[in-house]
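This one's a predicted model, so the numbers in the text were calculated from it and none came from an experiment. Starting from 1, each residue takes its place in the sequence as its number.
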Amino acid sequence: MSLQDIELLTKNTEVWHRLMSGKISIEEAKKEFEDNNSIFVSKTEKGKKRTAKKRTTKKTKKTKKSKEE
């Protein structure tokens, strides 16, 4: 579960609490759920745009060991 998933779950849980306790109406809850979802979608879109840095391998010269006589 990603950090964004946890944030969305927390926000939606708070909305459910207020709805069940009668502090907000169903219409208000629906609007908040949609707002939370749109924020979540925009955050995930930003995350997808990031590309991982490509690792480059360093080229090293191999040294030849001389034979000791």
Side-chain angles (χ1 to χ4, degrees):
M1 199 175 225
S2 70
L3 182 60
Q4 289 84 10
D5 292 333
I6 295 168
E7 289 176 2
L8 180 63
L9 181 61
T10 304
K11 288 180 180 184
N12 286 342
T13 302
E14 290 172 0
V15 173
W16 274 110
H17 259 286
R18 289 185 307 193
L19 177 63
M20 299 310 278
S21 65
K23 294 180 180 177
I24 60 174
S25 68
I26 293 174
E27 291 79 24
E28 290 172 320
K30 183 178 178 182
K31 183 184 180 302
E32 288 190 38
F33 287 134
E34 289 171 354
D35 290 344
N36 289 345
N37 190 39
S38 66
I39 291 169
F40 175 74
V41 169
S42 68
K43 282 185 179 180
T44 56
E45 290 298 320
K46 287 179 184 177
K48 288 180 182 177
K49 289 180 183 177
R50 293 181 189 164
T51 57
K53 292 182 180 179
K54 293 181 181 177
R55 289 186 167 224
T56 57
T57 56
K58 293 182 181 179
K59 295 181 180 178
T60 58
K61 293 182 180 178
K62 292 183 180 179
T63 57
K64 294 183 180 179
K65 293 183 181 179
S66 62
K67 293 183 181 179
E68 294 182 16
E69 295 180 17

Once salt bridge (Lys or Arg N to Asp or Glu O under 4.0 Å) is applied, do any residues pair with Asp35, and if so which ones, sequence neighbours excluded? Lys31
Can you sort out the partners of Lys30 under salt bridge (Lys or Arg N to Asp or Glu O under 4.0 Å), two or more places apart, ordered by chain and number? none
Interatomic distance, Leu3 atom CG to Leu8 atom CG [nearest 0.5 angstrom]: 11.5 Å
At what distance, to the nearest 0.5 angstrom, does CD of Glu28 lie from CZ of Arg18? 8.5 Å
Side-chain heavy atoms nearer than 4.5 Å, only ILVMFWY residues, links allowed to pass through others: does that put Ile39 and Ile6 together? no
Quick check on the hydrophobic clustering: are Ile26 and Ile24 connected, directly or via other members, by side-chain heavy-atom contacts under 4.5 Å? yes
Is the backbone of Leu9 close enough, under 3.5 Å, to the side chain of Asn12 for a donor and an acceptor to pair up by distance? no
If only atom types and distance count, is the side chain of Glu14 paired as donor or acceptor with the main-chain N or O of Lys11 below 3.5 Å? no
